[in-house]
Undergrad: 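Mind having a look at this structure? Questions to follow.
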Amino acid sequence: QVQLVESGGGLVQPGGSLRLSCALSGSRVSVYTMGWYRQAPGKQRELVAKVYSDLSTTYADSVKGRFTISRDNAKNTVYLQMSSLTPEDTAVYYCCAHSLSGARYDSWGQGTQVTVSS
């Protein structure tokens, strides 16, 4: 069974940086498309970034140039480096391992709160 454990969320000032981590067990991150998503109060969950098995990446327009997704195969961990944070980045951030069987079988982390405030 695939399990994801996230860490790194917290309170940060506008303009600051934060690094989120997502450790996967039960499989290898290298064989998955791994994604970071976020959900702000009253809003739908949205894609932040993805890294594919071939290391290509996708970013939401709102975070391009500020966020970087990466993975460390040896540590079986995916990261989201966030810089130049704004209050609009405040949300619960979730890590996802996308299943080849379809979205209903995706594995999700527990979520970690990121709050950008002075």
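Sequential numbering from 1 along the given sequence is applied to the chain's residues.
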Undergrad: Would you give the length of the straight line joining atom NE2 of H98 to atom CE of M34, rounded to the nearest 0.5 angstrom?
TA: 8.5 Å
Undergrad: I need the single residue from E6, E88, E46 that forms a salt bridge (Lys or Arg N to Asp or Glu O under 4.0 Å) with R38. Which is it?
TA: E46
Undergrad: For L20 and G9, which heavy atoms make the closest approach, and how far apart are they?
TA: CD2-N, 3.6 Å
Undergrad: If every non-hydrogen atom of A49 is compared with every non-hydrogen atom of Y59, which pair is closest and at what distance?
TA: CB-CD2, 3.6 Å
Undergrad: Minimum heavy-atom separation for G10 to L18, with atom names?
TA: N-CD2, 3.9 Å
Undergrad: Applying a strict under-4.5 Å side-chain criterion to I, L, V, M, F, W and Y, I'd like to know whether V31 and V2 cluster together.
TA: yes
Undergrad: Tell me, do L55 and R71 make a side-chain contact under 4.5 Å, heavy atoms counted?
TA: yes
Undergrad: Using a side-chain heavy atom cutoff under 4.5 Å and only I, L, V, M, F, W and Y, what cluster partners does V92 have?
TA: Y37, L47, Y94, W108
Undergrad: Nearest 0.5 angstrom please: D89 CG to S117 OG, how far?
TA: 12.5 Å
Undergrad: Hey, could you give me the SG/NZ distance between C96 and K50, rounded to the nearest 0.5 Å?
TA: 8.0 Å
Undergrad: Might you point out which heavy atoms bring N76 and V29 nearest each other, and give the distance in Å?
TA: OD1-N, 2.9 Å
Undergrad: So, do Y32 and S27 sit near enough that their side-chain heavy atoms are less than 4.5 Å apart?
TA: yes
Undergrad: Hey, what do you get for NZ (K75) to OG (S21), rounding to the nearest 0.5 Å?
TA: 8.5 Å
Undergrad: Residues two or more places apart in sequence or in another chain: which of them pass side chain to side chain donor-acceptor pair (under 3.5 Å) with Y105?
TA: none
Undergrad: Once you round to the nearest 0.5 Å, how far does CZ of R19 lie from OG of S70?
TA: 6.0 Å
Undergrad: With a 4.5 Å heavy-atom cut-off, do M82 and S17 have their side chains touching?
TA: no
Undergrad: Which pairs count as disulfide (SG to SG under 2.5 Å) when at least one residue sits in residues 29-70, sequence neighbours excluded?
TA: none
Undergrad: Locate the shortest heavy-atom distance separating S62 from R66; write the atom from each residue and the value.
TA: O-NH2, 2.9 Å
Undergrad: Is I69 close to Y79 at the side-chain level, that is, under 4.5 Å between some pair of heavy atoms?
TA: no
Undergrad: Quick check: do S30 and N73 have side-chain heavy atoms less than 4.5 Å from each other?
TA: yes
Undergrad: State, to 0.1 Å, how close A91 and Q113 come at their nearest heavy-atom pair, and which atoms those are.
TA: O-NE2, 3.5 Å
Undergrad: Less than 4.5 Å apart, any side-chain heavy atom of T57 and any of Y52?
TA: no
Undergrad: Would you mind reporting whether C95 and W36 have side-chain heavy atoms less than 4.5 Å apart?
TA: yes
Undergrad: Answer yes or no: are there more than 12 heavy-atom neighbours, outside L100 itself, under 6.0 Å from its atom CG?
TA: no
Undergrad: Between CD of Q1 and OG of S107, what distance do you get to the nearest 0.5 Å?
TA: 7.5 Å
